Chemist: 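Once you've had a glance at the structure underneath, I'll fire off some questions.
All values derive from a computational prediction rather than experimental measurement. Every chain is numbered from 1, with letters handed out A, B, ... down the list of sequences.
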2 protein chains.
Amino acid sequence: MNFQQLRSVRETVRQGFNLTLVADALHTSQPGVSRQIKELEEELGAELFVRAGRRFLGLTPTGEQALPLIERLLQDAENLRRVAADYAAADRGLLTVAATHTQARYALPGAVRDFRDSHPGVSLHLQQGSPRQIAELVISGAADLGIATEALAEYPELVTLPCYRWSHVVVVPRGHALADGQALTLERLAQFPLVTYEPGYTGRRHIDEAFAKAGLEVDVVLAAMDADVIKTYVELGIGVGIIASVAFDEQRDDHLVALDARHLFALNTTRVALKRGSFQRSYVHAFIQTFAPTLTPALIERALAAPAGTLIEP
Amino acid sequence: MNFQQLRSVRETVRQGFNLTLVADALHTSQPGVSRQIKELEEELGAELFVRAGRRFLGLTPTGEQALPLIERLLQDAENLRRVAADYAAADRGLLTVAATHTQARYALPGAVRDFRDSHPGVSLHLQQGSPRQIAELVISGAADLGIATEALAEYPELVTLPCYRWSHVVVVPRGHALADGQALTLERLAQFPLVTYEPGYTGRRHIDEAFAKAGLEVDVVLAAMDADVIKTYVELGIGVGIIASVAFDEQRDDHLVALDARHLFALNTTRVALKRGSFQRSYVHAFIQTFAPTLTPALIERALAAPAGTLIEP
DNA sequence: TATCCTTACGGAATTCGTAAGCATG
DNA sequence: CATGCTTACGAATTCCGTAAGGATA
């Protein structure tokens with residue numbers, strides 16, 4: 001039994017049981033992968049994969065039970081490397097953060113600046129994507145941590161912890177009818193065409209839920225993945241914008257007016273996600289605590305070690 | 001990184017940092033072990049062992065943190081083999097039970113007979129030893145499970161579960177002064193020379209505690225590791241015996257009289273011990289449930305997966 | 001017939017044990 | 001000077017990629 005065999009098995013599942021893709025992903029030859037799997041199965045004395053002739057179709061019951069062990073073996077091998085790397089040079093390395101546009105653009109800059117000052121030896125990579133892409137990046141190990149408001153908590157492979165809560169604001173051009181000082185209600189809002197986030201992004205779910213609960217039909221004339229795009233179209237008069245409050249900047253956005261909307265839409269919680277069972281290097285802890293001071297290393301380590309389903313929060 | 005390197009590290013710790021002993025234990029050459037460790041340290045970029053010149057003295061902080069990961073890696077490799085073996089031939093294999101003499105002689109025979117009938121393909125090895133030896137056998141992997149009344153719960157590497165409770169009896173030759181029908185008390189007992197178990201065996205702790213609590217000095221003229229020896233000397237008139245109630249057989253021991261002593265000494269709990277984090281083959285679960293029907297596979301698996309310190313009992 | 005896995009083969013790299021060397025209590 | 005780890009070296013094994021083969025949708 002060796003790690004290359006285990007990697008081949010894990011990657012075969014990840015790549016949907018296509019050994020050719022596995023070989024590409026592992027930067028090796030396809031017959032090599034074929035051999036790795038065959039030799040592991042021979043050593044174990046049991047087949048891990050269901051085959052139809054020469055095609056791989058899925059996992060056998062043995063494979064189903066073996067896969068979590070294989071995942072943990074490879075995770076622990078990675079953890080071991082991290083432990084050593086952390087002792088060898090605690091303040092040098094690579095930190096890959098996966099975040100949504102909103103986080104990367106509005107929430108992270110402060111933490112990134114502070115972290116770069118305190119950890120000049122760590123090179124920081126910022127990956128952007130949808131919440132689900134972020135989750136996959138963290139699960140696959142391509143990113144050390146993910147930050148998003150949606151979806152992350154749905155993945156049992158991830159440990160998520162709350163960073164901060166925020167609400168939406170409504171943005172309109174100066175002089176817009178909604179900016180008349182009267183109370184903002186869902187009913188009034190629903191009378192205008194709206195410009196807001198794509199479904200699955202940045203609290204869009206809470207927006208839809210609020211209107212649905214009030215029995216209101218709304219006209220979303222334009223949906224975008226980030227607040228910059230939304231604000232641009234609001235400035236053009238296309239409709240009324242609904243964006244995260246952090247995404248509004250009094251000075252930069254002085255053509256617009258922001259109207260508090262926390263009484264209209266449920267509060268959102270932005271969460272950080274780490275791969276369950278992973279060991280995190282000290283600078284990863286440092287970064288998270290810079291971003292969300294309540295998330296101490298001890299708390300995070302406890303959450304990482306807990307089995308799926310356990311609730312550990314500050 | 002490969003498993004042989006990890007095995008070398010684990011064994012080096014187990015063998016007290018003597019590579020020559022490690023080589024023997026792993027059935028390889030001493031320079032081989034030396035190389036495995038060196039290459040792993042080179043790959044990790046950190047030293048795991050503290051050296052004084054050419055001698056190994058102990059673990060570095062890196063090594064201290066790495067060791068639990070290495071242990072779990074090797075355990076999971078073993079677990080993977082067991083999963084596969086169980087699917088390949090669930091009813092064939094080797095079951096090694098480590099137990100004290102008392103358990104092996106008086107408690108286990110029924111379970112062993114039933115298990116042999118139901119699992120003819122499993123060859124059963126019975127290892128005997130002191131509770132601490134039993135614990136070490138299970139921790140090292142030389143035994144699948146351990147059964148004893150003492151000490152097992154002290155090892156964080158083990159998961160222990162209660163099998164049954166029992167009390168002591170006092171045994172005397174027929175016609176002995178204590179067999180006069182009057183109530184048995186610690187005070188009366190303390191007037192006679194005693195023959196009982198060695199310290200650390202079969203509830204001896206509760207015997208000592210009872211006398212100590214009553215402020216009584218006792219004269220243990222002979223201590224033995226098993227009830228057969230004790231009974232033999234009681235028959236010879238050397239003293240009054242205190243043994244586990246299961247160890248008294250009305251018919252076989254008809255030269256002796258057993259006097260109930262459950263009001264004198266605290267109840268004892270015999271426990272089964274498994275290595276924490278291990279996967280157990282189905283016949284191991286079958287054996288345990290034959291011995292202690294309350295210990296279901298689901299319960300045991302939950303206990304095995306729990307971190308040290310968690311209490312999971314029926 | 002294109003896709004996908006297995007088998008065959010040969011060179012390269014790795015592995016491992018023996019023998020010799022060296023430091024230390 | 002005996003113990004215990006490292007280094008050196010050569011043989012054996014293992015590993016891996018290329019090329020060819022066979023099954024299936």
Side-chain angles (χ1 to χ4, degrees), chain A residues 1-60 62-63 66-67 70 73-74 77 80-81, chain B residues 1-60 62-63 66-67 70 73-74 77 80-81:
Chain A
M1 189 185 307
N2 63 53
F3 286 103
Q4 188 64 5
Q5 293 168 346
L6 301 178
R7 242 174 266 132
S8 300
V9 171
R10 178 179 68 175
E11 203 60 34
T12 300
V13 177
R14 286 189 179 172
Q15 299 291 342
F17 308 99
N18 180 325
L19 299 203
T20 309
L21 295 181
V22 173
D24 290 347
L26 297 182
H27 305 107
T28 180
S29 67
Q30 184 273 315
V33 173
S34 192
R35 238 195 330 256
Q36 302 292 353
I37 291 173
K38 197 176 128 220
E39 286 176 3
L40 179 60
E41 289 183 325
E42 275 171 9
E43 180 179 340
L44 293 177
E47 301 218 321
L48 299 176
F49 293 99
V50 177
R51 292 154 168 94
R54 301 193 155 191
R55 304 241 160 165
F56 281 59
L57 293 184
L59 288 168
T60 60
T62 318
L67 187 63
I70 291 173
L73 275 158
L74 293 167
L80 187 53
R81 279 187 265 273
Chain B
M1 189 186 306
N2 63 53
F3 287 103
Q4 188 65 6
Q5 293 167 345
L6 302 178
R7 244 174 264 129
S8 299
V9 171
R10 179 179 66 177
E11 203 61 34
T12 300
V13 177
R14 286 190 179 170
Q15 299 291 342
F17 307 98
N18 179 324
L19 299 202
T20 309
L21 295 180
V22 173
D24 290 348
L26 297 182
H27 305 106
T28 181
S29 68
Q30 185 273 317
V33 174
S34 191
R35 240 195 329 255
Q36 301 292 353
I37 291 173
K38 197 176 127 220
E39 286 175 4
L40 180 59
E41 289 182 325
E42 275 171 9
E43 180 179 340
L44 293 177
E47 302 219 320
L48 300 176
F49 293 100
V50 176
R51 293 154 168 93
R54 300 193 157 192
R55 308 248 155 159
F56 282 58
L57 293 184
L59 288 168
T60 60
T62 317
L67 188 63
I70 292 173
L73 275 159
L74 292 167
L80 188 53
R81 285 189 202 94

Chemist: Using 0.5 Å steps for rounding, measure from the CZ atom of Arg10(A) to the CG atom of Leu74(A).
Modeler: 4.5 Å
Chemist: May I ask you to list the residues of residues 46-59 of chain B, by number, that have any heavy atom positioned under 4.0 Å from an atom of DNA chain D?
Modeler: Arg51(B), Arg54(B), Arg55(B), Phe56(B)
Chemist: Between Glu39(B) and Glu43(B), is any pair of side-chain heavy atoms under 4.5 Å apart?
Modeler: no
Chemist: Quick check: closest heavy atoms across Ala77(B) and Phe3(B), and the distance to 0.1 Å?
Modeler: CB-CE2, 3.9 Å
Chemist: Could you pull out the closest heavy-atom pair between Leu80(A) and Ala66(B), with the gap in Å?
Modeler: CD1-CB, 3.4 Å
Chemist: Within the structure provided, determine whether Glu11(A) and Gln15(A) are in side-chain contact (heavy-atom separation under 4.5 Å).
Modeler: yes
Chemist: Output the rounded distance in Å from CG (Asp24(A)) to C1' (dC4(C)).
Modeler: 13 Å
Chemist: Could you write nucleotides 10-18 of chain D as a row of B, S and -, 5' to 3', where a protein heavy atom under 4.0 Å of any base atom gives B, of only sugar-phosphate atoms gives S, and otherwise -?
Modeler: ------BBB
Chemist: For the pair made of CD in Gln15(A) and P in dC4(C), what is the distance, rounded to whole Å?
Modeler: 12 Å
Chemist: Nearest whole angstrom, please: distance from the C1' of dC4(C) to the CG of Leu19(A).
Modeler: 8 Å
Chemist: To the nearest 0.5 Å, what is the distance between CG (Leu19(A)) and CZ (Arg35(A))?
Modeler: 12.5 Å
Chemist: Could you tabulate the donor-acceptor pairs under 3.5 Å formed by side-chain atoms of residues 44-54 of chain B, not counting sequence neighbours?
Modeler:
from: Arg51(B); atom 1: NH1; to: Glu41(B); atom 2: OE1; distance (Å): 3.2
from: Arg51(B); atom 1: NH1; to: Glu41(B); atom 2: OE2; distance (Å): 3.2
from: Arg51(B); atom 1: NH1; to: Phe49(B); atom 2: O; distance (Å): 3.3
from: Arg51(B); atom 1: NH2; to: Glu41(B); atom 2: OE1; distance (Å): 2.7

Chemist: Would you kindly give the CZ-to-P distance between Arg7(B) and dC16(C), to the nearest whole Å?
Modeler: 10 Å
Chemist: Considering only heavy atoms from C-beta outward, does the side chain of Asn2(A) approach that of Asn2(B) to under 4.5 Å?
Modeler: no
Chemist: Under 4.0 Å from OP1 or OP2 of dT7(C): is there any side-chain N or O of Lys38(A) that close?
Modeler: yes
